[in-house]
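Hydrogens, waters and symmetry mates play no part in the numbers below; they use all other heavy atoms, side chains included. Keep in mind that what you see is a predicted model, and the values were worked out from it rather than measured.
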Amino acid sequence: QVQLVESGGGLVQAGGSLRLSCAASGSVFSINTMGWYRQAPGNQRELVASITRGARTNYADSVSGRFTISRDNAKNTMYLQMNNLKPRNTAVYYCSAQVAATWNSGWSDYWGQGTQVTVSS
């Protein structure tokens, strides 16, 4: 089994910064694309940013230039540096990863439990 554990969320004032981490553990042979999603109350879960194993990145327009996604393949860990946070960025942030448990098992999608980010005005 694979576990994804997020950390780094919290309460910050508008204009502040937070750094989220997502660590994969368990039966991890290889990780393909990883991503950060968020869900605010009453809204659907949306993609914030994604990163391939080769470090090709993709960002939602609303966070481009303020958020930076990165990963450390040796540590099976992904990060999201969030700068100049705004109250509208308040949400539960989830990490997702495509994981292969063995060399021939194929990719399966996994989700973390989420971490709350609250930005006060």
Side-chain angles (χ1 to χ4, degrees):
Q1 188 66 318
V2 173
Q3 296 83 38
L4 299 180
V5 179
E6 301 104 333
S7 60
L11 173 64
V12 64
Q13 288 188 331
S17 298
L18 284 174
R19 188 191 194 209
L20 305 183
S21 299
C22 171
S25 62
S27 301
V28 178
F29 174 76
S30 182
I31 303 177
N32 195 16
T33 298
M34 304 182 77
W36 287 100
Y37 292 75
R38 66 187 177 192
Q39 187 167 19
N43 291 353
Q44 290 186 332
R45 190 171 297 188
E46 62 177 0
L47 175 68
V48 176
S50 63
I51 185 167
T52 67
R53 183 168 181 81
R56 186 166 56 207
T57 59
N58 177 56
Y59 295 93
D61 289 342
S62 61
V63 306
S64 183
R66 296 187 298 119
F67 291 11
T68 302
I69 190 171
S70 61
R71 63 189 284 173
D72 184 333
N73 292 331
K75 296 181 179 179
N76 291 335
T77 300
M78 172 179 64
Y79 307 95
L80 184 68
Q81 178 67 43
M82 304 185 294
N83 297 328
N84 191 20
L85 282 161
K86 304 178 185 301
R88 65 174 182 264
N89 299 141
T90 295
V92 178
Y93 284 70
Y94 298 89
C95 70
S96 177
Q98 296 175 328
V99 180
T102 64
W103 69 274
N104 64 345
S105 62
W107 303 109
S108 296
D109 293 330
Y110 292 89
W111 291 87
Q113 81 288 351
T115 185
Q116 177 70 46
V117 171
T118 303
V119 185
S120 63
S121 57

(message) With no hydrogens and no angle check, just 3.5 Å: does a side-chain donor-acceptor pair link N83 and S17?
(response)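 There is such a pair (donor and acceptor under 3.5 Å, judged by atom type) between the side chains of N83 and S17.
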Please answer: with hydrophobic residues joined when any side-chain heavy atoms are less than 4.5 Å apart, are [X] and [Y] in the same cluster?
X   : Y    : answer
F29 : Y110 : no
I51 : Y94  : no
V92 : L20  : no

(message) Run R56 and T33 through side-chain contact (heavy atoms from CB on, under 4.5 Å) and show every step you take.
(response) CA-CA 9 Å; R56 186 166 56 207; T33 298; over 6 Å; no
(message) Check whether Y79 forms a cation-pi arrangement with R71 (NZ or CZ under 6.0 Å from the six-membered ring centre, at most 45° off the ring normal).
(response)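 Output no; distance or angle outside limits.
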If we only count heavy atoms from C-beta on, is the [X] to [Y] side-chain gap below 4.5 Å?
X    : Y    : value
E46  : Q39  : no
V99  : S108 : no
R88  : V119 : no
Q44  : Y37  : no
R53  : S30  : yes
T118 : Q116 : yes
W103 : S105 : no
V48  : L80  : yes

(message) Parallel, tilted or perpendicular: which one describes the rings of Y93 and F67, with boundaries at 30° and 60°?
(response)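 Rings of Y93 and F67: tilted, 30 to 60°.
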(request) Please report the shortest heavy-atom distance between A24 and I31, naming the atom on each side. (result)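 Answer, listing the atom of A24 first, then I31: CB-CD1, 3.8 Å.
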(message) As a quick check of understanding, evaluate side-chain contact (heavy atoms from CB on, under 4.5 Å) for W36 and M78, giving each step before the final call.
(response) CA-CA 9 Å; W36 287 100; M78 172 179 64; 3.4 Å; yes
(request) Start with the C-alpha distance between N89 and R66, add both sets of side-chain angles, then the distance that settles side chain to side chain donor-acceptor pair (under 3.5 Å), and finish with yes or no. (result) CA-CA 11 Å; N89 299 141; R66 296 187 298 119; 3.1 Å; yes
